[in-house]
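I have a structure here, written as structure tokens, and I will follow up with some questions on it.
Note that this is a predicted model, so its numbers are computed, not measured. So you know, we letter chains A, B, ... as the sequences are listed, proteins then strands, and number each from 1. Below, all heavy atoms of this structure are taken into account, side chains as well, without hydrogens, waters or symmetry copies.
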Amino acid sequence: MPLNPKSSQQSSDFIRAMVAEDMRTGKYAGRVVTRFPPEPNGYLHIGHAKSICLNFGIAEENEGGVCHLRFDDTNPELEDIKYAESIQHDVRWLGFDWHDQLFFASDYFERLYRYAVKLIEDGNAYVDSLSDEEIREYRGTVTEPGRESPYRNRSVHENLDLFQRMRAGEFEDGAHVLRARIRMDAPNMVMRDPVLYRIRHASHYRTGDEWCVYPLYDFTHCLSDAMEDVTHSLCSLEFKDSRELYDWVLDAAGIERPRTEQTEFARLNLDYTVVSKRKLVRLVNEGHVRGWDDPRLPTIAGLRRRGVTPEAIRQFCDLIGVAKVDSRIDIGKLEFCVRDNLNKQVPRVMCVLRPLRLVILNYPEDQTEEIDAPYYPHDVPKEGSRKVPFSRVLYIERDDFQEDPPSKFFRLAPGREVRLRYAYFVKCVDVVKDADTGEITEIHCTYDPETKGGGSASDGRKVKGTLHWVSAGHSLPAEVRLYDRLFVKADPEETAGGEDFTAHLNPHSMVTLRESRIEPSVAGDAPGTRYQFERQGYFCSDSVDSTPDALVFNRTVGLRDTWAKVAAKERDPVGSAKKKDGTRRAKHKTSDAPSAVDSETPEQSAAVARFVGQGVAADDARILARDEVLSGIFDEAVRVHSNPAAVAGWVVNELRRELKHTAATDLPFTGKQLGALAALVDDKTISRTMAKGVFAEMVERGGEPGDIVERRGLRQQSDPSALEPIIDKLIAAHQDKVAQYKAGKTGLLRFFVGQVMRETEGRANPAVVSESVRQRLS
RNA sequence: UGGCCCCUCGUCCAAUGGCAGGACUCCGGCCUUUGGAGCCGGCAAUGGUGGUUCGAAUCCACCGGGGCCAACCA
């Protein structure tokens with residue numbers, strides 16, 4: 001099945017799930033506002049397309065959702081109006097519409113400045129006069145804390161004065177910066193008093209010379225989102241660390257919740273190419289490719305010029321999904337989408353890439369026929385045909401003839417008969433060679449007039465091959481550019497010994513064929529028209545270089561080529577089978593015993609001993625000993641319920657998880673209450689499963705476990721006779737599963753138990769259910 | 001002597017603590033005036049070790065592996 005066109009609406013990923021959840025809970029009062037925030041300093045590429053499809057897609061899928069196009073244009077030295085224009089063009093070409101939601105961060109400069117003033121007034125920002133090298137030095141490293149700038153404690157008054165004078169243009173570039181006052185020993189480097197504003201006496205493409213102080217990303221982005229009432233600010237994984245600052249700035253600016261929240265997803269990486277603005281710039285500037293729209297580049301402009309459709313790109317983005325794992329996508333998936341899309345919509349036409357003359361000896365010299373050839377095959381529901389001239393002298397593909405063919409070669413060879421597509425059967429009767437070089441220059445054939453139109457022969461004989469062709473005298477000369485992967489290595493950035501990624505450039509990424517011949521029907525077609533050249537691939541006329549007098553075509557993607565695989569196998573029966581790319585992700589087979597505890601203080605060792613003495617498992621004891629909060633709660637709980645092993649289990653396995661995103665002081669229940677919960681399980685009042693539900697409520701809202709059990713009416717059902725009817729019903733409803741279970745798929749036991757647990761809302765005793773089901777099905 | 005994130009078929013993405021599933025690729029077969037398309041079928045995975053649990057891909061720990069962070073870029 002080709003991809004369901006609606007699948008983008010049906011597909012769900014963790015971000016869409018989050019948006020749906022926010023809609024359900026009414027967090028943003030039913031609003032969904034996303035944004036695509038490019039910096040106008042380069043051209044869009046396929047990686048951006050993923051973000052565009054995500055952001056605009058989510059807006060489209062939700063009632064009333066909108067997606068803003070916002071230019072993050074805060075760096076006057078790199079940005080240009082031409083980029084802003086091309087980006088808008090590319091987004092539209094991809095099929096998305098921001099309606100009137102077009103924004104520029106540069107329009108917010110005045111408001112951002114006022115926020116900066118507020119930060120200064122509140123003591124949350126200061127003017128630093130260290131040089132850039134000094135700032136770097138003071139920042140420390142990932143393993144060492146930074147040091148505070150000597151200017152960190154300037155008075156609010158002085159900061160305000162300096163900042164105002166920075167804006168007024170009194171200082172040179174780099175003389176001062178505005179920094180957030182957070183802390184210089186933060187483990188997250190981003191939080192070490194980040195720079196918020198810098199001085200740049202540079203003309204901005206939109207604000208001209210109005211400003212000489214420009215805000216930086218971390219300050220601008222979150223506030224821009226907030227000013228636009230964005231709800232879901234989606235960005236790529238490398239901004240994970242920035243989120244803490246994103247929230248800090250919004251807090252400092254006094255933006256109230258509910259407000260924009262940042263969520264990170266994995267950026268797109270593609271095999272055998274690079275998707276990074278900086279690397280693309282190098283390829284263009286160093287002349288490795290012919291420009292930003294070189295068809296070998298994964299830029300939107302390059303893909304467009306190559307003939308890739310926007311639908312194919314959207315389908316691709318839908319296919320690859322959205323997740324948090326850094327991944328590298330098989331370029332074959334893009335090719336699949338391109339073929340799938342083009343197959344259903346482009347006309348077929350015949351073009352001979354590497355011509356070989358074929359003369360039909362028994363066809364009259366002065367005769368020409370106009371053969372009616374449909375534009376689409378039987379399985380593409382589109383209409384239309386054109387006339388293709390047929391004559392005594394034709395060109396066929398050089399690869400379609402072999403003098404001494406291997407067994408599975410179905411094409412033309414001495415004495416062999418094949419079909420010429422839409423025309424006649426021809427049989428090879430002679431091969432003409434160049435006397436000097438021995439190169440085949442011409443094939444002589446006879447044709448069977450009975451087989452016109454490609455039907456079968458009157459005597460019922462069959463041919464195995466069908467060849468495309470053009471008439472030598474009527475066909476048009478054409479230049480055809482064949483593209484291949486830009487790099488020879490799946491991950492070009494993986495380099496050794498001082499090389500850089502350009503070392504892996506594929507020298508044959510573009511092959512130009514200048515002798516190709518194409519049927520005359522394409523003569524008047526507009527530049528950029530897409531075709532399938534039958535038996536070859538999908539092509540389009542080059543929108544830049546193709547002229548009516550000198551046709552130029554780009555190969556978008558080749559057809560799937562089964563023959564190439566067969567041929568490869570014939571040449572190398574073993575090698576091709578195991579030919580695999582060696583760059584797959586490293587798998588690691590290491591067995592290792594849990595190692596001895598790393599540096600433990602004497603106090604901790606003593607605590608471990610104490611816990612173990614109480615009966616706590618050694619691993620759990622170590623975890624408790626390392627964390628005062630945990631051990632405090634543990635001690636408190638044990639006083640209520642003296643089963644230290646069980647209590648430790650609750651603390652280590654359940655509580656620890658919650659403390660990852662909730663501060664211990666915010667926990668709405670006490671150690672005593674946790675102990676009470678453990679007691680309820682141990683005295684069999686409730687099952688473990690129910691207890692987890694109770695625990696979840698305690699985390700959510702707090703409360704005495706006994707009360708929760710009471711209110712919910714929780715009581716474990718362990719009486720087999722009470723459970724039997726439910727099990728019977730289930731078995732009756734899932735006869736297919738029963739059969740599978742009896743056939744040996746024992747994993748289904750879990751399915752049945754799970755169903756009963758669901759049915760009874762966790763009240764059934766799973767051990768009893770399990771045993772009961774097992775007996776019933778045996 | 002850091003912090004954060006991540007680890008499921010070859011690839012990409014799924015799976016309330018309860019049947020490990022889909023797509024791409026690959027391999028067969030059918031069909032075919034494109035060695036295309038289509039149809040049918042097949043191969044193929046939870047990084048490791050412990051723990052919690054009636055039940056773990058999912059929760060906890062440790063180990064291993066990968067990624068991001070030290071621009072006055074975004």
Side-chain angles (χ1 to χ4, degrees), chain A residues 3 11-13 37 39 41 72 74-75 78 132 135-136 139-146 173-174 177 186-190 192 195 197-200 216-217 221 237-242 264 271 277 319-330 332-333 336 339 343 348 377-380 410 419 421-422 453-455 465-466 468 532 534-536 559-564 566 580-581 584-595 617 619-620 622-623 649 652-654 656-657 688-689 692 737 740 745 747-755 757-758 765-771:
Chain A
L3 234 67
S11 77
S12 193
D13 48 68
E39 184 188 11
N41 69 344
D72 239 340
T74 60
N75 188 344
L78 302 173
D132 54 349
I135 287 180
R136 208 171 306 137
R139 187 152 30 225
T141 70
V142 288
T143 52
E144 298 157 29
D173 286 7
V177 292
N188 180 355
M189 298 289 295
V190 169
R192 318 244 259 230
V195 174
Y197 267 88
R198 80 288 219 186
I199 301 171
R200 280 289 173 281
L216 278 97
Y217 168 85
H221 200 88
L237 249 27
E238 68 269 27
F239 289 96
K240 181 81 195 180
D241 288 340
S242 303
E264 310 83 19
D271 267 357
K277 223 184 272 180
L319 180 73
I320 60 175
V322 180
K324 284 184 271 202
V325 272
D326 207 11
S327 56
R328 174 169 301 280
I329 284 150
D330 179 0
K333 285 185 172 61
F336 165 79
R339 289 193 191 103
N343 173 46
R348 320 286 138 135
H378 59 92
D379 51 0
V380 171
F410 300 154
R419 184 187 342 254
R421 180 128 236 229
Y422 309 120
T466 299
H468 63 280
Q532 183 196 103
E534 292 215 48
R535 302 209 309 131
Q536 296 287 356
L559 252 25
R560 256 185 87 226
D561 192 349
T562 308
W563 162 242
V566 173
K580 273 262 155 65
D581 181 56
R584 75 162 87 142
R585 188 188 300 168
K587 291 273 158 128
H588 357 274
K589 295 256 156 58
T590 39
S591 71
D592 44 315
S595 68
D619 277 353
D620 289 354
R622 251 178 247 124
I623 294 162
V652 170
N653 292 314
E654 307 296 331
R656 241 185 99 83
R657 173 174 68 244
R688 181 99 198 167
T689 313
K692 291 206 180 174
K737 306 270 194 223
Q740 287 172 36
K745 193 168 176 179
L748 283 170
L749 182 61
R750 287 164 48 175
F751 163 74
F752 286 110
V753 175
Q755 290 295 310
M757 297 306 291
R758 192 162 304 171
N765 180 333
V768 173
V769 174
S770 182
E771 185 49 35

Please classify the nucleic acid contact of A:Phe752 as base, sugar-phosphate, or nothing, using heavy-atom distances under 4.0 Å.
nothing
Report which part of the nucleic acid A:Leu237 touches: base, sugar-phosphate, or nothing (heavy-atom distance under 4.0 Å, all strands).
nothing
Closest approach to the side chain of A:Trp563, judged atom by atom: which nucleotide of B:C13, B:G35, B:U34 is it?
B:G35
Using a heavy-atom cut-off of under 4.0 Å over every strand shown, decide if A:Val768 touches base, sugar-phosphate, or nothing.
nothing
Paired nucleotide for B:G2 [Watson-Crick or G-U wobble; both distances under 3.5 Å]
B:C69
Whether the side chain of A:Arg348 and the base of B:U34 hold a donor-acceptor pair under 3.5 Å is what I'd like checked.
yes
For the side chain of A:Asp379 and the base of B:G36, is some donor closer than 3.5 Å to an acceptor across the two?
yes
Value rounded to 0.5 Å, distance of CD in A:Glu654 from NZ in A:Lys692
4.5 Å
By nearest nucleotide on RNA chain B, pick out whichever of A:Asp620 and A:Thr466 is the more 5' one.
A:Thr466
Roughly how many Å is it from CZ in A:Arg192 to P in B:G2, rounded to a whole number?
13 Å
Look at the side chain of A:Arg192 and the backbone N and O of A:Thr141, then say whether any donor-acceptor pair between them is shorter than 3.5 Å.
yes
Between C1' on B:G3 and NZ on A:Lys240, what's the gap in Å once rounded to a whole number?
12 Å
According to the Watson-Crick and G-U wobble definitions, with both distances under 3.5 Å, which nucleotide is paired to B:G55?
none
Heavy atoms only, 4.0 Å cut-off, all strands: where does A:Leu216 land among base, sugar-phosphate and nothing?
sugar-phosphate
Atom CZ of A:Arg535 and atom P of B:A37: how far apart are they, to the nearest Å?
14 Å
Side-chain atoms of A:Arg198 come closest, of B:G2, B:C73, B:G35, to B:C73
B:A37, OP1 or OP2 - any side-chain N/O from A:Arg560 closer than 4.0 Å?
yes
At what distance, to the nearest 0.5 angstrom, does OG1 of A:Thr74 lie from CD of A:Glu39?
6.5 Å
Under 3.5 Å, is there an N or O donor on one side and an acceptor on the other linking the side chain of A:Thr74 and the base of B:C73?
no
Listed nucleotide nearest any side-chain atom of A:Thr689, set B:G35, B:C54, B:C19
B:C54
Any stacking of A:Tyr217 on B:A74, going by centres under 5.5 angstrom and planes within less than 30 degrees?
no
Checking the side chain of A:Ser327 only, and the main-chain atoms of A:Ile329 only, is there a donor and an acceptor separated by less than 3.5 Å?
no
Using modelled atom types only, decide if a donor and an acceptor are shared between the side chain of A:Arg198 and the backbone of A:Val177 within a distance under 3.5 Å.
no
Separation of B:C31 atom P from A:His378 atom NE2, nearest Å, is 13 Å
Counting side-chain heavy atoms from C-beta on, which of B:C60, B:U34, B:C12 comes nearest to A:Asn653?
B:C60
For a quick check of understanding: with a heavy-atom distance under 4.0 Å over all strands, which category does A:Leu749 fall into, base, sugar-phosphate or nothing?
nothing
Atom-pair distance (CD on A:Glu144; P on B:G2), nearest Å:
11 Å
Nucleotide of B:U25, B:A74, B:C13 approaching A:Phe336 most closely (side-chain heavy atoms)
B:U25
What's A:Val325 touching, base or sugar-phosphate or nothing? Going by heavy atoms closer than 4.0 Å.
sugar-phosphate
Is B:A57 in the syn range, within 90° of 0, or in the anti range?
anti
Rounded to whole angstroms, how far apart are CG on A:Asn343 and C1' on B:G35?
15 Å
Do any N or O atoms from the side chain of A:Asp241 and from the backbone of A:Val190 form a donor-acceptor pair under 3.5 angstrom?
no
Hey, which sits more toward the 5' end of RNA chain B by its nearest nucleotide, A:Ile623 or A:Ser242?
A:Ile623
May I ask you to say what A:Val142 touches in the nucleic acid, namely base, sugar-phosphate or nothing, with a heavy-atom cut-off under 4.0 Å?
base
Between B:A71, B:A74, B:G3, which one does the side chain of A:Arg139 approach most closely?
B:A71
At 4.0 Å (heavy atoms only), tell me whether A:Thr143 reaches a base, stays on the sugar-phosphate, or touches nothing.
base
Indicate, yes or no, whether a donor-acceptor pair under 3.5 Å links the base of B:U16 to the side chain of A:Arg758.
yes
Residues which pass side chain to side chain donor-acceptor pair (under 3.5 Å) with A:Arg328, listed by chain and number, not counting sequence neighbours:
A:Asp491
With a non-hydrogen cut-off below 4.0 angstrom, is A:Gly174 in contact with a base, only sugar-phosphate, or nothing?
base
Residues two or more places apart in sequence or in another chain: which of them pass side chain to side chain donor-acceptor pair (under 3.5 Å) with A:Lys737?
none
Does B:U46 have a Watson-Crick or wobble partner in any strand here, with both distances under 3.5 angstrom, and which is it?
none
When you measure from the side chain of A:Arg535 to the backbone of A:Thr466, do you find a donor-acceptor pair of N or O atoms at a distance under 3.5 Å?
yes
Under 3.5 Å, is there an N or O donor on one side and an acceptor on the other linking the side chain of A:Asp241 and the base of B:G3?
yes
Quote, to the nearest angstrom, the P distance that separates B:C60 from B:C5.
12 Å
Could you check whether A:Lys692 gets within reach of a base, just the sugar-phosphate, or nothing at all, counting any heavy atom under 4.0 Å?
base
What do the steps show when you test A:Asn343 against A:Val380 for side chain to side chain contact (heavy atoms under 4.5 Å, CB included), and what is the final call?
CA-CA 8 Å; A:Asn343 173 46; A:Val380 171; 4.3 Å; yes
Selected nucleotide, minimal atom distance to A:Arg688 side chain, candidates B:G55, B:G3, B:U52
B:U52
Regarding A:Lys333, tell me which of base, sugar-phosphate or nothing describes its non-hydrogen contacts under 4.0 Å with the strands shown.
base
For B:U34, does the base pair up with any side-chain atom of A:Gln532 as donor and acceptor (N or O, under 3.5 Å, distance only)?
yes
Rounded to whole angstrom, note down the C1' distance from B:C72 over to B:U1.
28 Å
From B:C54, B:C13, B:G55, nucleotide with atom closest to A:Val753 side chain
B:C54
Between B:U34, B:C12, B:C6, spot the one nearest the side chain of A:Leu559, thanks.
B:U34
Would you classify A:Val195 as touching base, sugar-phosphate or nothing, given that sugar-phosphate means primed atoms plus P, OP1 and OP2, and contacts are heavy atoms under 4.0 Å?
sugar-phosphate
Base, sugar-phosphate, or nothing: which does A:Thr141 touch, judged by heavy atoms less than 4.0 Å apart?
base
Nearest listed nucleotide, side chain of A:Arg657, among B:C59, B:G3, B:G18
B:C59
Can you tell me the distance, in whole Å, between the NZ atom of A:Lys324 and the C1' atom of B:C68?
15 Å
Value in whole Å for how far the C1' atom of B:C7 lies from CG of A:Asp326
11 Å
Looking at every strand, decide which applies to A:Glu238 at a 4.0 Å heavy-atom threshold: base, sugar-phosphate, or nothing.
sugar-phosphate
